[in-house]
Chemist: 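Structure provided below as structure tokens; questions to follow.
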Amino acid sequence: MKPRVRFAPSPTGYLHIGGARTALFNWLYARHTGGTFILRIEDTDAARNSQEAVEVILSGLRWLGLDWDEGPIVEQASSLCDSPTQQKLTGKMPVPLSKGNFGPYFQSQRKANYLARVEALLSRGLAYEHEGAVKFKMQREPVTIHDLVVGDVVRKLTDREEVDPDFVILRSDGQPVFHLVNVIDDLEMDITHVIRGEDHLSNTAKHIALFQAFGVKPPHYAHIPLILNGDGSKMSKRDTGASLTGYLDEGFLPEAVINYLCLLGWSPKDNREKLSRAEVIERFDLPQILRHNARFDYEKLLWLQGEYARELADDRFYELAVHAFAKAGMDTNKFPLPYVKAALDTCKGKFKLFSELPAYAGFYFRDEIIYNADDAKKVFIPENKPRLEKLRDAFAALTPFNAATLETALKETAKQLGVKAGVLIHPTRLAATGNPNGPSLYHLLEVLGKEKSLARIEKALANF
RNA sequence: GACCCUAUGGUCUAGCGGUUAGGACACUGCCCUUUCACGGCGGUAGCUCGGGUUCGAUUCCCGAUAGGGUCGCCA
């Protein structure tokens, strides 16, 4: 039988990076084994449940490219959309729809099942009413959990459970609780493998007992280690970097995020770090999952981001770049397309995050150049003024105004002045871009064109 | 507090009784580039501690310590 695995998030309005990793591992296992990946929305908590909150999850998974075989049906959304909440999942759909033969995949639509199951437990004496709620009669003996990652775990009773091991499965307001619905759905959806965070390991004893009460063999469990903050503390909602959406907003590439997430808690064991999606699917399996928690290393993610950013196909690179400028309030559409492309070509491979791009190359699309104060103090000095004037004259005489002629002219001028090229390069760069670093000076001037370049040098001369 | 999981450089990891303990990120030196980035060649830095088992432990066992998790009418 082909594995049936599921990712079962609850719509809280954001998708935790650890949740995304759990989804990824489930998806990878399904794809590796040729099994089925199921997305189930655990929206039993009506207070927190909303269409927008569901959409945060769906758009997050879509952005990562984690497609599900069974689960909610959604409209296609642009992978570039920044705010998932702006996307309309169900503008026309009052009730979320599902695909798959085990639906619906929203727990809010499955309540009758839960109540029937509770009735069955009640009638068989396996549960009882207590202060208006229904409690499950939990066994008093230790439960052995056969975990595919951790191994056999004998879960003994805690001191509290020694007093009362039973737990509520139906609240006094009639709402079923997580442990119950989670088990019933896994059971009714024929889930074969439950891959989830290690934070569920202790509670698995309850789940196993519930499966047994329903007379069904529990699924295989695989508890994966947690993702911690860089300082080793628990990564909670308010920590920066905890939300998947944040990475989208910062201009990360989904392939970089996916690749990095794979490396947290799983290893291909052959020293490979950068792996394509197909390579990971081929190599991924439960035994290679590690048992200890991993700290999130933003720097390493950034490295991977740079790797993928450098090899981006031109079309996608332009699209993402234009989008990044638009987000920063700069409309590149006001400029001729060849100019925009030429400008962006000088930046490719030189920056990592698209959110950096407006600051890195904004000078191409802005008339007002704001000089970096520290650098201006260093290079806009009196002895450089006549040098820059001489260079301006040399540039002004250039007939083909391109990178090659600019370089020759600059070096020739430097030679005549008896100074190193850098003495001319720095003030010129600052005049043209306002920054001490950026794309190749000669190429950037070529893109800017003779008129603009000379005008900027002229303007800088007034600042000495 | 009880119960559970875990422990290799700063971080992610390879290792599965005998290795000069390997790789990657980060840091750093040099080269390349008269910016930045990329690339190339080097470098600093590691088996948490204490007992066992063994001829021999990073590796196996026990304990301690540390970190994380669970003990809800949250999920």
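Only a predicted model underlies this, so the values are computations on that prediction, with no experimental measurement involved. Throughout, a chain's letter reflects where its sequence line sits, starting with A, and its residues are numbered from 1.
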Chemist: Tell me: CZ of A/Phe296 to P of B/rU13, nearest whole Å?
Modeler: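 Distance, rounded to whole Å: 12 Å.
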
Chemist: Side chain of A/Trp303, heavy atoms from C-beta onward: which of B/rG39, B/rU70, B/rC25 has the nearest atom to it?
Modeler: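 Per side-chain heavy atoms of A/Trp303, the pick is B/rC25.
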
Chemist: Looking at A/Lys352, I'd like to know whether one of its side-chain N or O atoms comes within less than 4.0 Å of OP1 or OP2 on B/rA37.
Modeler: no

Chemist: What residue among A/Leu187, A/Leu210, A/Ile184 forms side-chain contact (heavy atoms from CB on, under 4.5 Å) with A/Val216?
Modeler: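 Single pass found, and it is A/Leu187.
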
Chemist: Provide, to the nearest angstrom, the distance between the CG atom belonging to A/Asn259 and the C1' atom belonging to B/rC25.
Modeler: 13 Å

Chemist: Which whole number of Å gives the distance between the P atom of B/rG22 and that of B/rG43?
Modeler: 11 Å

Chemist: Please work out which of the three classes, parallel, tilted or perpendicular, describes the rings of A/Phe211 and A/Tyr221, given edges at 30° and 60°.
Modeler: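 Rings of A/Tyr221 and A/Phe211: perpendicular, over 60°.
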
Chemist: From the list B/rA14, B/rC71, B/rA75, which nucleotide is the closest neighbour of the side chain of A/Ser267?
Modeler: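 Nearest listed nucleotide: B/rA14.
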
Chemist: Which of the following nucleotides, B/rA2, B/rC36, B/rA75, is nearest to the side chain of A/Asp159?
Modeler: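 Nucleotide nearest to A/Asp159's side chain: B/rA2.
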
Chemist: Only pairs with both distances under 3.5 Å count, Watson-Crick or wobble alike; so what is the partner of B/rG63 in this structure?
Modeler: B/rC49

Chemist: Working note: A/Thr204 + A/Ile208, criterion side-chain contact (heavy atoms from CB on, under 4.5 Å); need CA distance, chi angles, decisive distance, verdict.
Modeler: CA-CA 6 Å; A/Thr204 303; A/Ile208 289 173; 4.0 Å; yes

Chemist: How far does the C1' atom of B/rU34 sit from the matching atom of B/rA26, given to the nearest Å?
Modeler: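 Looking at atom C1' only, B/rU34 and B/rA26 are 27 Å apart.
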
Chemist: Base, sugar-phosphate, or nothing for A/Leu263, non-hydrogen atoms under 4.0 angstrom?
Modeler: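 Result for A/Leu263 = sugar-phosphate.
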
Chemist: Answer yes or no: does a side-chain N or O of A/His179 lie under 4.0 Å from OP1 or OP2 of B/rC74?
Modeler: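 Checking A/His179 against B/rC74: no side-chain N or O falls below 4.0 Å of OP1 or OP2.
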
Chemist: Work out how far the C1' atom of B/rU13 is from that of B/rC4, and round it to whole angstrom.
Modeler: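 Roughly 25 Å separates the two C1' atoms.
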
Chemist: How would you label the contact of A/Glu273 with the nucleic acid (heavy atoms, under 4.0 Å): base, sugar-phosphate, or nothing?
Modeler: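 It contacts base atoms.
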
Chemist: Measure from the ring center of A/Phe284 to the ring center of A/Phe25 and say whether it is less than 6.0 Å.
Modeler: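 That pair passes the under 6.0 Å test.
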
Chemist: Considering just the side-chain nitrogens and oxygens of A/Thr44, establish if one lies under 4.0 Å of OP1 or OP2 belonging to B/rA75.
Modeler: yes

Chemist: Applying side-chain contact (heavy atoms from CB on, under 4.5 Å) to A/Arg21 and A/Ile224, what does each step give before you reach the verdict?
Modeler: CA-CA 10 Å; A/Arg21 206 265 312 248; A/Ile224 63 182; 3.8 Å; yes

Chemist: Which comes earlier along RNA chain B counting from the 5' end, the contact point of A/Leu290 or that of A/Ala133, where each point is its nearest nucleotide?
Modeler: A/Leu290

Chemist: Which nucleotide, B/rC25, B/rC12, B/rC74, lies nearest any side-chain atom of A/Leu264?
Modeler: B/rC12

Chemist: Please name the nucleotide paired to B/rG72 by Watson-Crick or G-U wobble geometry with both distances under 3.5 Å, or report none.
Modeler: none

Chemist: Checking A/Asn229 against A/Tyr298: is there a side-chain donor and acceptor pair closer than 3.5 Å?
Modeler: no

Chemist: Do A/Gln305 side-chain atoms and A/Lys352 backbone N/O form a donor-acceptor pair below 3.5 Å?
Modeler: yes

Chemist: B/rC25 P sits how many Å from A/Gln305 CD, rounded?
Modeler: 16 Å

Chemist: On RNA chain B, compare the nucleotides closest to A/Arg155 and A/Arg310; which residue's is nearer the 5' end?
Modeler: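 Comparing both residues, the 5'-ward one is A/Arg155.
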
Chemist: Looking across every strand, which nucleic acid part, if any, lies under 4.0 Å from A/Leu170 by heavy atom: base, sugar-phosphate, or nothing?
Modeler: nothing

Chemist: Check whether any side-chain N or O of A/Glu273 sits under 3.5 Å from a backbone N or O of A/Leu304 as a donor-acceptor pair, and report yes or no.
Modeler: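 It does not hold such a pair.
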
Chemist: Check whether more than 12 heavy atoms from other residues, nucleotides or ligands sit under 6.0 Å from atom NZ of A/Lys269, and answer yes or no.
Modeler: yes

Chemist: Can you give one letter per nucleotide of nucleotides 62-69 of chain B, 5' to 3': B if a protein heavy atom sits under 4.0 Å from the base, S if only from the sugar-phosphate, - if neither?
Modeler: ------BB

Chemist: What contact category does A/Pro439 fall into here, base, sugar-phosphate, or nothing, at under 4.0 angstrom with non-hydrogen atoms?
Modeler: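 Here A/Pro439 touches the bases of the nucleic acid.
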
Chemist: With no angle test and no hydrogens, is the base of B/rU13 tied to the side chain of A/Lys300 by a donor-acceptor pair under 3.5 Å?
Modeler: no

Chemist: Could you give the distance separating B/rG39 and B/rA75 at their C1' atoms, to the nearest angstrom?
Modeler: 49 Å

Chemist: A/Met138 has an atom CE; how far is it from atom P of B/rC71, in whole Å?
Modeler: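 Atom CE in A/Met138 sits about 13 Å away from atom P in B/rC71.
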
Chemist: With the side chain of A/Ala294 defined as its heavy atoms from C-beta on, choose the nearest nucleotide among B/rA75, B/rU13, B/rU6.
Modeler: B/rU13

Chemist: Would you verify whether the NZ or CZ of A/Lys341 falls within 45 degrees of the ring axis of A/Phe317 while also being under 6.0 Å from that six-membered ring's centre?
Modeler: no

Chemist: Could A/Arg283 and A/Asp270 be called an ion pair, given the rule that one side-chain N must be under 4.0 Å from one carboxylate O?
Modeler: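 Yes, A/Arg283 and A/Asp270 are salt-bridged.
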
Chemist: Could you tell me the separation between the CG atom of A/Leu424 and the C1' atom of B/rU35, rounded to a whole number of Å?
Modeler: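 Checked: the CG to C1' distance equals 14 Å.
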
Chemist: Is the positively charged end of A/Lys350 above the ring of A/Tyr360, judged by distance under 6.0 angstrom from the centroid and angle within 45° of the axis?
Modeler: no

Chemist: Please name the nucleotide paired to B/rU58 by Watson-Crick or G-U wobble geometry with both distances under 3.5 Å, or report none.
Modeler: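 WC or wobble partner does not exist here.
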
Chemist: Phosphate oxygens OP1/OP2 of B/rA2: is one of them under 4.0 Å from a side-chain N or O of A/Lys156?
Modeler: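 Checking B/rA2 against A/Lys156, no side-chain N or O comes under 4.0 Å of OP1 or OP2.
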
Chemist: Given B/rU13, is OP1 or OP2 found less than 4.0 Å from the side-chain N or O atoms of A/Arg272?
Modeler: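 Answer is no, no contact under 4.0 Å.
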
Chemist: Considering only the C1' atoms, how many Å lie between B/rA66 and B/rG15, rounded to the nearest integer?
Modeler: 23 Å

Chemist: Given atom NE2 of A/His443 and atom P of B/rU35, what is their separation to the nearest angstrom?
Modeler: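 To the nearest whole Å, that distance equals 14 Å.
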
Chemist: What's A/Glu162 touching, base or sugar-phosphate or nothing? Going by heavy atoms closer than 4.0 Å.
Modeler: nothing

Chemist: Ignoring the backbone of A/His292, work out which of B/rC36, B/rG10, B/rU13 is nearest its side chain.
Modeler: B/rU13

Chemist: Picking from B/rC5, B/rA37, B/rA14, which would you name as closest to the side chain of A/Val150?
Modeler: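 Nearest listed nucleotide: B/rC5.
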
Chemist: Select one nucleotide: of B/rC73, B/rG22, B/rC3, the one nearest the side-chain heavy atoms of A/Thr158.
Modeler: B/rC3

Chemist: Does the structure show a Watson-Crick or G-U wobble partner for B/rC30, both distances under 3.5 Å? Name it, or say none.
Modeler: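 B/rC30 is paired, partner B/rG40.
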
Chemist: Quick one: label A/Gly197 by what it contacts on the DNA or RNA (base, sugar-phosphate, nothing), any heavy atom closer than 4.0 Å.
Modeler: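 The answer is nothing, as A/Gly197 stays clear of every strand by at least 4.0 Å.
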
Chemist: Would you classify A/Tyr260 as touching base, sugar-phosphate or nothing, given that sugar-phosphate means primed atoms plus P, OP1 and OP2, and contacts are heavy atoms under 4.0 Å?
Modeler: nothing

Chemist: Could you list, one pair per line, each protein nitrogen or oxygen that sits under 3.5 Å from a nitrogen or oxygen of nucleotides 28-34 of chain B, together with the distance?
Modeler:
from: B/rU34; atom 1: O4; to: A/Ala421; atom 2: N; distance (Å): 3.1

Chemist: May I have the distance from A/Gln107 (atom CD) to B/rC74 (atom P), rounded to whole angstrom?
Modeler: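 One finds 15 Å between P of B/rC74 and CD of A/Gln107, rounded.
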
Chemist: Should B/rA21 form a Watson-Crick or G-U wobble pair with both distances under 3.5 Å, which nucleotide is its partner?
Modeler: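 For B/rA21, the partner nucleotide comes out as none, under the 3.5 Å rule.
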
Chemist: Before accepting this row, confirm whether a basic side-chain N of the pair A/Glu368/A/Lys459 lies closer than 4.0 Å to the acidic partner's carboxylate O.
Modeler: yes

Chemist: Can you tell me how far C1' in B/rC74 sits from the matching atom in B/rG51, rounded to whole Å?
Modeler: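 After rounding to an integer number of Å, I get 44 Å for this pair.
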
Chemist: Before we go on, tell me: are the rings of A/Phe102 and A/Tyr105 under 6.0 Å apart, centre to centre?
Modeler: no

Chemist: OP1 or OP2 of B/rG72 less than 4.0 angstrom from a side-chain nitrogen or oxygen of A/Arg160, does that happen here?
Modeler: yes

Chemist: Check every strand shown and say whether A/Val154 touches a base, only sugar-phosphate, or nothing at a heavy-atom separation below 4.0 Å.
Modeler: sugar-phosphate

